[in-house]
Participant: 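Here it is, the structure in full.
No experiment lies behind these values; they were computed from the predicted model shown.
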Amino acid sequence: MNTAQFTPAGTLTAEDLGRIHLIGVGGVGMSGLARLFLTRGLPVSGSELREWPSLAGLRALGGTIHMSHEASNLDGVDTVVYSSAIPQDHLEMAEARRRGLRVLHRSEALAAAMTGRRTVAVAGTHGKTTTTSMVTMVLQQAGADPSFVIGGEISEVGSGAHHGTGEYFVVEADESDRSFLIYRPYVSIITNIEADHLNTYGDLANLEATFAEFARLTDPDGFIITCADDAGGRRLAATLRAEGRRVWTYGEAPDADLRLSEMASSAQGVRFLAEIEGRSLGEIRLPVPGRHMGMNSASAVLAAYLLELPIEAAEAALGAFPGVRRRFERKGVADGVLVYDEYAYHPTSMTLALQTLREVAGEGRLIVVFQPYRLYRTRDLQADIAGALGIADELVLLEVFGPGELRQPGEGSAALVEAVPLPADRKVFVDSWDEAPAEVARRARPGDVVVTMGAPPISLMGDQLLDALLARTGGATAVGAAVDTDGAAAAAG
């Protein structure tokens, strides 16, 4: 993706877009953008091929949803929006160009919605969704009523997007296709920088250089936040400070601007003490487990401090943080087996999530149902992914989800399962989705924790696992997410 050809933030407004049509409107990113425009009072339509959970909410807001891709879907449309997942020769893309309609990448349309607002952009290899959600809730608690677009849904809010009346616009900034270079933030938060999306960047050095380019787009009157405990974040901070830019850091490192100490995590949540500029900010508590969750929340605390918001608002918001859907989301219990869903697919975020699940499992075993996301990532990071999966007691591995990718000989999950450091009887590759629930039901025992993890489709399996576990009891009670109010949600976004 060449961002140089795209319209940067501040050039267009959302109202300039007229009647907006989104191709592939059901996905998390596109449905969030559609929701934002609809709550802003703009006319929106979209096209899809299957009934995503988000579509009912878009219809309720007045959106027109076409369950097919047709040229006629563009009748009366002024602007067509696409994501990087949509090929340039897509029927509706070709028709939009033929008609001379405005055609925008999702990031360009989102940038138009930011015009006139102070943007808080959250980037990084891990933790973007969770951190964006935390910053949003802190601003809401402080009465700022921010607009926001997040890559996942805040569990309590039930939405990944909202048009607010306040001056701030919080956005998850995606580095995967360089589209975050379109934004012009007032505040840039970079949670961490690790090797990923090397199909786009080639190597870590190029990825780090692009994060630096993103940070340099920050308003001179604003500021940049990085993590002092992350090697990539430290290098970035040093580079930017040498250029005279305003950079603030957080972490347990002695030289962090926001210094964290006495951090402790348990199944009940995470807590730490925070200090900045010689001032104690007291204890920060979250009802969700995982040290990485504490680190994510620290960036939200630092942003609140620098924006001169009441620290009490940050403490209250984080103390009630419900988590994000598909981030350590508790799905239910059946026959004594607790089932979670988790979005992690990069080895670092997988390791953090599985270590946290170990805390939850206690004396029980941890069974992972994993669907890798993208062939290039599974190939390039195979050893690290395999090492993370080795944290599990049992592994059920599905084939790689890589839409549009061509599998070469020796690539995919059959090769990955061989690399996982577990005994042969404790790991299995199933090449059929329908086989997985029965395989889990055969392996799981009361007291165990099962997690579905990885690519987006795996989130749909949780209910099937609960049904399979329930079936072996002859119909005992299963507790599902709809009535489960104490399920924590956490993990790197």
Side-chain angles (χ1 to χ4, degrees), residues 126-138 140-141 150 152-158 191-192 227 229 250-252 258-275 280-305 311-333 338-344 348-364 366 391 447 449 451 453 479 481 483-493:
H126 322 291
K128 289 188 293 291
T129 299
T130 301
T131 302
T132 308
S133 302
M134 289 175 170
V135 172
T136 297
M137 288 192 65
V138 169
Q140 289 176 327
Q141 183 69 33
I150 307 171
E153 293 185 358
I154 307 175
S155 296
E156 186 177 83
V157 176
T191 57
N192 41 59
C227 181
D229 294 355
Y250 63 92
E252 294 179 289
L258 179 70
R259 175 85 184 280
L260 315 182
S261 62
E262 299 184 28
M263 184 179 292
S265 174
S266 69
Q268 286 69 48
V270 63
R271 59 166 293 278
F272 59 89
L273 300 179
E275 178 184 344
S280 172
L281 301 183
E283 183 179 72
I284 305 297
R285 286 183 173 270
L286 290 88
V288 291
R291 292 177 61 87
H292 55 292
M293 292 296 292
M295 297 301 292
N296 291 337
S297 70
S299 65
V301 172
L302 182 52
Y305 178 83
I311 292 302
E312 294 76 14
E315 293 173 349
L318 296 171
F321 182 67
V324 180
R325 294 197 174 131
R326 284 232 65 205
R327 271 67 178 180
F328 208 76
E329 180 182 359
R330 182 169 168 170
K331 303 296 290 187
V333 182
L338 184 56
V339 178
Y340 282 88
D341 182 45
E342 165 58 51
Y343 188 58
T348 299
S349 52
M350 290 169 62
T351 298
L352 293 169
L354 293 176
Q355 288 172 340
T356 303
L357 280 159
R358 274 257 172 248
E359 297 174 1
V360 174
E363 297 299 317
L366 176 59
I391 296 172
V449 169
V451 60
M453 175 178 281
V479 181
V483 295
D484 175 24
T485 59
D486 64 344

Participant: Using the test side-chain contact (heavy atoms from CB on, under 4.5 Å), find all partners of Ala361 that sit at least two apart in sequence or belong to another chain.
Facilitator: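 With sequence neighbours excluded, Ala361 shows a side-chain contact (heavy atoms from CB on, under 4.5 Å) to Val449, given in chain and number order.
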
Participant: Using the side-chain contact (heavy atoms from CB on, under 4.5 Å) criterion, which residues pair with Glu275? Sequence neighbours excluded.
Facilitator: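 Listed in chain order: nothing, the list is empty.
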
Participant: Would you check, one step at a time, whether the test side chain to side chain contact (heavy atoms under 4.5 Å, CB included) holds for Met134 with Met293?
Facilitator: CA-CA 10 Å; Met134 289 175 170; Met293 292 296 292; 3.6 Å; yes

Participant: Where is the tightest heavy-atom contact between Val288 and Phe321, given as atom of each residue plus distance?
Facilitator: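 Scanning both residues completely, I find the closest heavy atoms to be CG1-O, 4.0 Å.
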
Participant: Under the criterion side chain to side chain contact (heavy atoms under 4.5 Å, CB included), which of Val135, Thr130, Thr132, Thr131 is the partner of Ile150?
Facilitator: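 Only one option passes, and that is Thr132.
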
Participant: What heavy-atom pair brings Gly294 and Phe272 nearest, and what distance separates the two atoms?
Facilitator: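 That closest heavy-atom pairing would be O-CE2, 3.5 Å.
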
Participant: Rounded to the nearest 0.5 Å, how far does OH of Tyr305 lie from CG of Leu258?
Facilitator: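 Answer rounded to 0.5 Å: 9.5 Å.
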
Participant: I need the Arg271 CZ to Ile284 CD1 distance, nearest 0.5 Å.
Facilitator: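 CD1 of Ile284 is found 10.5 Å from CZ of Arg271.
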
Participant: Between Leu318 and Val301, which heavy-atom pair has the shortest distance, and what is it?
Facilitator: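 Heavy-atom minimum between the residues: CD1-CG2, 3.6 Å.
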
Participant: List the atom of Arg291, the atom of Met263, and the distance in Å for their closest heavy-atom pair.
Facilitator: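 Arg291 and Met263 have their closest heavy atoms at NH1-O, 3.4 Å.
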
Participant: For the residue pair Asp229 and Glu252, what are the closest heavy atoms and their distance?
Facilitator: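 Minimum heavy-atom contact is OD2-N, 2.8 Å.
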
Participant: What residues form a salt bridge (charged side-chain N to carboxylate O under 4.0 Å, His left out) with Glu315, not counting sequence neighbours?
Facilitator: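 Residues passing salt bridge (charged side-chain N to carboxylate O under 4.0 Å, His left out) with Glu315: none at all.
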
Participant: List the residues meeting side-chain contact (heavy atoms from CB on, under 4.5 Å) with Arg358, not counting sequence neighbours, and say none if there are none.
Facilitator: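 Arg358 satisfies side-chain contact (heavy atoms from CB on, under 4.5 Å) with Leu366, Ile391, Asp393 once adjacent residues are dropped.
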
Participant: Taking salt bridge (charged side-chain N to carboxylate O under 4.0 Å, His left out) as the test, write out the residues that go with Glu359, two or more places apart.
Facilitator: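 Per chain and number, Glu359 pairs via salt bridge (charged side-chain N to carboxylate O under 4.0 Å, His left out) with no residue.
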
Participant: Can you measure from CE (Met137) to OG (Ser297) and round to the nearest 0.5 angstrom?
Facilitator: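 The OG atom of Ser297 is 12.5 Å from CE of Met137, to the nearest 0.5 Å.
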
Participant: If you define the side chain from C-beta out and look only at heavy atoms, does anything of Val333 sit under 4.5 Å from Lys331?
Facilitator: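 When only atoms from C-beta onward are counted, Lys331 and Val333 do not touch, as no gap falls below 4.5 Å.
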
Participant: Kindly write out the residues that satisfy side-chain contact (heavy atoms from CB on, under 4.5 Å) with Gln141, not counting sequence neighbours, or none if the list is empty.
Facilitator: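 Result, side-chain contact (heavy atoms from CB on, under 4.5 Å) vs Gln141: Ala313, Ala316, Ala317.
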
Participant: For the residue pair Met453 and Ala344, what are the closest heavy atoms and their distance?
Facilitator: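 Answer, listing the atom of Met453 first, then Ala344: CG-O, 3.1 Å.
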
Participant: How many angstroms lie between CG in Leu352 and NE2 in His126, if you round to the nearest 0.5 Å?
Facilitator: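 Reported value, rounded in 0.5 Å steps: 7.5 Å.
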
Participant: For Tyr250 and Asn296, what are the C-alpha separation, side-chain angles and deciding distance, and is it a side chain to side chain contact (heavy atoms under 4.5 Å, CB included)?
Facilitator: CA-CA 10 Å; Tyr250 63 92; Asn296 291 337; 5.5 Å; no

Participant: When rounded to the nearest 0.5 angstrom, what distance separates CD in Glu342 from OG in Ser349?
Facilitator: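 With rounding to 0.5 Å, CD (Glu342) is 7.0 Å from OG (Ser349).
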
Participant: Assess the residue pair Leu357 and Tyr340 against the criterion (side chain to side chain contact (heavy atoms under 4.5 Å, CB included)); give the C-alpha distance rounded to whole Å, side-chain angles, the decisive distance to 0.1 Å, and a yes or no.
Facilitator: CA-CA 9 Å; Leu357 280 159; Tyr340 282 88; 3.9 Å; yes

